[in-house]
Amino acid sequence: MTPARPLGAPVPRSFFARDAVAVAPDLLGCVLENRTDAGTVAVRLTEVEAYHGAADPGSHAYRGRTPRNAVMFGDPGHLYVYFTYGMHYCMNVVCAPGGTASAVLLRAGEVVRGAELATSRRLGAAPRDLARGPARLAVALGVGRTDNGRDVCARDASLRLRTGSPVPVSSVRSGPRVGVAAGADTPWRFWIADEPTVSAYRAHVPKRRGDARGFRP
DNA sequence: CCATAGATGCACT
DNA sequence: GTGCATCTATGGC
């Protein structure tokens with residue numbers, strides 16, 4: 001059980017200086033706020049996933065340090081933003097001591113401030129869908145490639161985490177991570193029960209290859 | 001509701 | 001060349 005923190009207090013770096021699997025459930029209910037020239041959007045986190053360092057086959061860090069994942073190997077409290085599927089950005093917060101490459105993927109949340117700005121970034125999205133899914137969350141917050149490596153614990157951070165209303169332990173759920181083949185036995189996806197903003201679960205879809213085109217068994 | 005396909009750039013093998 | 005820690009549109013029921 002984590003000690004209660006004053007509502008709205010910035011989350012200190014020490015919070016992230018633990019294993020991602022320990023940090024992830026504690027992150028639920030916290031509020032991520034991004035101030036830009038366009039305005040401020042704040043999101044209450046409802047769904048996250050832990051990536052457990054270089055030993056985790058599902059992690060980008062599994063095959064060692066590369067230019068892309070370098071931030072993961074750095075100090076806790078920094079943002080690891082990566083580009084995927086040719087069009088999407090997803091964001092993690094680095095955890096554990098430097099060099100561990102442990103991180104938490106922020107998968108979904110509820111927009112609690114700046115809904116108008118978030119909606120302008122996500123045209124056509126219903127309120128509950130504004131930040132439902134990791135790539136949508138990044139868009140709603142206005143986070144992209146240039147935010148990779150940002151320190152969310154810095155004194156003057158325009159992108160930072162605050163504590164929110166505590167989430168009862170009884171409301172925290174966990175299960176397999178989305179779209180990750182390795183570690184189906186590790187329930188490192190955490191979410192708040194009965195939250196409409198939690199992304200739809202999609203199990204990993206194995207790729208079929210080498211078959212004749214159009215052939216179906 | 002559910003299932004599938006296509007988009008699209010880049011890191012890595 | 002292969003395969004994404006995804007999203008959206010479309011088509012079937």
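- Taking the side chain of A/His204 as heavy atoms from C-beta on, and the options C/dA5, C/dC4, C/dT8, the nearest nucleotide is C/dC4.
- Between the C1' atom of C/dT6 and the CD atom of A/Glu47 lies a distance of 13 Å, rounded to the nearest Å.
- The shortest distance between side-chain heavy atoms of A/Arg107 and A/Phe190 does not fall below 4.5 Å.
- Whole-Å rounding puts the A/Arg63 CZ to C/dC4 C1' distance at 12 Å.
- A/Arg189 comes within contact range of no nucleotide atom at all, as no heavy-atom separation falls under 4.0 Å.
- Using a 4.5 Å heavy-atom threshold, the side chains of A/Ser165 and A/Arg44 count as separate.
- Using a 5.5 Å limit on the distance between ring centres and a 30° limit on the angle between planes, the aromatic ring of A/Tyr85 does not count as stacked on the six-membered base ring of C/dC7.
- As a whole-Å value, the separation of A/Tyr89 OH from C/dC7 C1' is 15 Å.
- Note on A/Phe83: only backbone sugar-phosphate atoms sit closer than 4.0 angstrom, heavy atoms only; bases stay farther off.
- A/Tyr89 and A/Phe83 have tilted rings, their planes meeting at an angle from 30° to 60° on a 0 to 90° scale.
- A straight line from CG of A/Leu137 to P of C/dC7 spans 10 Å, rounded to a whole angstrom.
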Given the rule that a pair is Watson-Crick or G-U wobble with both distances under 3.5 Å, how would you write DNA chain C in dot-bracket, using | for pairs to a different strand?
-> ||||.|||||||.

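- An OP1 or OP2 oxygen of C/dC7 is reached within less than 4.0 angstrom by no side-chain nitrogen or oxygen of A/His88.
- Rounded to whole Å, the distance from CZ on A/Arg107 to C1' on C/dC7 is 12 Å.
- With contacts defined as side-chain heavy-atom distances shorter than 4.5 Å, the pair A/Asn34/A/Val41 does not qualify.
- Note on A/Gly179: only backbone sugar-phosphate atoms sit closer than 4.0 angstrom, heavy atoms only; bases stay farther off.
- Going from atom CG of A/Asp129 over to atom P of C/dT8 covers 8 Å, rounded to whole Å.
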Could you go through residues 172-182 of chain A and list every donor-acceptor pair under 3.5 Å that involves a side-chain atom there, pairing it with any protein atom two or more places apart or in another chain?
residue  : atom : partner  : partner atom : Å
A/Arg173 : NH1  : A/Ser170 : O            : 2.8
A/Arg177 : NH1  : A/Ala50  : O            : 3.0
A/Arg177 : NH1  : A/Asp56  : OD2          : 2.7
A/Arg177 : NH2  : A/Asp56  : OD1          : 3.1

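- Contact annotation: A/Arg122 reaches the phosphate of C/dT8 (side-chain N/O to OP1 or OP2, under 4.0 Å).
- Taking 4.0 Å as the cut-off between side-chain N and carboxylate O, A/Arg13 and A/Asp151 count as a salt-bridged pair.
- One interatomic measurement links the two molecules: NE2 of A/His52 to P of C/dA5, which rounds to 19 Å at whole-angstrom precision.
- Electrostatic pairing of A/Asp129 and A/Arg122 does not count as a salt bridge here, judged by no charged N lying under 4.0 Å from a carboxylate O.
- A close approach under 4.0 Å does occur between a side-chain nitrogen or oxygen of A/Arg136 and OP1 or OP2 of C/dT8.
- Taking the charged nitrogens against the carboxylate oxygens, A/Glu116 and A/Arg121 have no contact shorter than 4.0 Å, which rules out a salt bridge.
- Between the A/Arg202 side chain and the A/Ala200 main chain, a donor and an acceptor come within less than 3.5 Å of each other.
- In this structure, A/Met72 and A/Ala103 approach most closely via the heavy-atom pair CE-CB, 3.9 Å.
- On the nucleic acid side, DNA chain B has its first and last nucleotide under 4.0 Å of a heavy atom of chain A at B/dA7 to B/dT13, going 5' to 3'.
- Within the nucleic acid shown, A/Arg177 has no heavy atom closer than 4.0 Å to any nucleic acid atom.
- For the pair A/Tyr51 and C/dA5, the ring geometry qualifies as stacking, because the centroid separation is below 5.5 Å while the planes lie within an angle under 30°.
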